[in-house]
Amino acid sequence: MPRPRCERCQRPLDHCLCPLIPSLASRTRVVLLQHPSETAHALNTARLAALGLVNAELRVGEVFADLAELLATPGYRPVLLFPGEQAQALTAYGETDDRPLMLIVPDGTWRKARKLLYLNPLLEALPRVTLAQVAPSRYRLRKAPEPGAVSTIEAVVQALNVLEPQGNFGELLRPFEALIEGQIEAMGGATFERNHTGH
């Protein structure tokens, strides 16, 4: 019998993360576009980000038919959070920024994220933004594919902390950290040490 799951955070009821998920307001609208292969992942960090931010939404798919409509949402400047040669480093909103950003965040492995851009040319055409400095990932269960790689929720938190420094979005990471601690506990300290710390 499958273990009963929480409808909201999708975790088993005895490991429900909802008490740790904040409800944070932001000027920035965050839209997470999740590749379907990520939905079953134990650490579905895009879902946690969407649940913890009032002004955020999670869409799952490969092709997003209503993308033009979404990008035309009044009051926002859509940008794609994705590295690349043309990407501009994010900076805090200034006095002159009348329209906050709509931060489009692809969620998936690098290969899957690139596929989302390829299948949705409107995304490919958006101005790109990136993090000038990336804090090291706290995601100790996956070896980062390259230095500076962070999980989706960490990228969102770092981006919002740059754009809205008065907001302190670190609280979003509480359920993420609890998830990681739970996974390490489940695999046992010795296994974790051997497989993930190189000792």
Side-chain angles (χ1 to χ4, degrees), residues 26-39 41 43-50 52-53 55-94 96-139 141-165 167 169-170 172-173 176:
S26 61
R27 275 185 70 196
T28 309
R29 176 130 189 91
V30 177
V31 180
L32 299 130
L33 300 180
Q34 187 175 63
H35 190 276
S37 65
E38 290 294 305
T39 55
H41 197 282
L43 300 178
N44 187 341
T45 75
R47 184 175 186 81
L48 290 177
L53 290 166
N55 195 7
E57 65 176 299
L58 174 67
R59 296 180 176 213
V60 179
E62 281 199 315
V63 176
F64 300 92
D66 59 347
L67 205 51
E69 206 180 315
L70 172 74
L71 297 176
T73 304
Y76 291 100
R77 291 177 289 143
V79 294
L80 182 73
L81 183 63
F82 202 77
E85 282 175 26
Q86 311 300 309
Q88 298 282 313
L90 286 171
T91 54
Y93 290 125
T96 54
D97 292 314
D98 50 345
R99 284 191 309 154
L101 297 180
M102 177 191 287
L103 201 59
I104 309 286
V105 186
D107 177 56
T109 60
W110 286 112
R111 201 167 60 82
K112 299 277 170 57
R114 286 194 189 95
K115 188 177 181 190
L116 288 180
L117 302 194
Y118 173 74
L119 293 174
N120 299 275
L122 286 175
L123 290 180
E124 191 77 87
L126 286 175
R128 288 191 188 194
V129 293
T130 188
L131 297 160
Q133 285 172 312
V134 180
S137 176
R138 305 185 199 187
Y139 193 170
L141 293 173
R142 243 189 203 177
K143 287 203 167 41
E146 52 200 73
V150 291
S151 65
T152 299
I153 196 167
E154 290 172 305
V156 167
V157 167
Q158 291 184 36
L160 290 175
N161 280 338
V162 170
L163 289 164
E164 306 177 43
F169 295 93
L172 261 185
L173 294 173
F176 169 66

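- Applying the side chain to side chain donor-acceptor pair (under 3.5 Å) test to Asn120 and every residue at least two apart in sequence or in another chain returns nothing.
- In this structure, the side chain to side chain donor-acceptor pair (under 3.5 Å) partners of Arg128, at least two apart in sequence or on a different chain, are Glu124.
- Residues Leu123 and Leu33 meet the side-chain proximity criterion, which asks for heavy atoms closer than 4.5 Å.
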### Message
Evaluate Glu62 against Lys115 for salt bridge (charged side-chain N to carboxylate O under 4.0 Å, His left out), listing each step before the verdict.
### Response
CA-CA 8 Å; Glu62 281 199 315; Lys115 188 177 181 190; 3.1 Å; yes
Ignoring hydrogens and angles, write down the donor-acceptor pairs under 3.5 Å from the side chains of residues 81-94, residues two or more places apart or on other chains.
unit_1	atom_1	unit_2	atom_2	d
Tyr93	OH	Thr28	OG1	2.7
Tyr93	OH	Leu101	N	2.9

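- Contact record, Leu58 with Arg47: CD2-CA, 3.8 Å, taken as the closest heavy-atom pair.
- For the side chain to side chain contact (heavy atoms under 4.5 Å, CB included) test, residues two or more places apart in sequence or in another chain that qualify with Ala49 are Leu32, Ile153.
- When all heavy atoms of Thr39 and Gln34 are compared, the pair lying nearest together is CG2-OE1, 3.2 Å.
- The structure places CD1 of Ile104 at 5.5 Å from CE of Met102, a figure rounded to the nearest 0.5 Å.
- Contact between Ser151 and Thr45 at its shortest, heavy atoms only, is CB-OG1, 4.1 Å.
- Interatomic distance, NE2 of His35 versus CZ of Arg111, reported as 8.0 Å (0.5 Å rounding).
- Partner of Leu80 under the side chain to side chain contact (heavy atoms under 4.5 Å, CB included) criterion, chosen from Val105, Leu117, Val129: Leu117.
- By the 4.0 Å N-to-carboxylate-O rule, Glu38 lies too far from Lys112 to be salt-bridged with it.
- Between Phe169 and Leu160, the shortest heavy-atom contact is CD1-CB, 3.5 Å.
- For the residue pair Asn161 and Gly170, the shortest heavy atom distance occurs at ND2-N, 4.2 Å.
- With sequence neighbours excluded, the residues forming a side chain to side chain contact (heavy atoms under 4.5 Å, CB included) with Pro127 are Val79, listed by chain and number.
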Side-chain donor-acceptor distances from residues 63-75 under 3.5 Å, at least two apart:
unit_1	atom_1	unit_2	atom_2	d
Asp66	OD1	Arg59	NH1	2.9
Asp66	OD2	Arg59	NH1	2.8
Thr73	OG1	Leu70	O	2.5

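- The shortest side-chain heavy-atom distance between Glu164 and Ser26 falls under the 4.5 Å cut-off.
- Heavy atoms only, all atoms of each residue included: Tyr76 and Asn55 are closest at OH-ND2, 3.0 Å.
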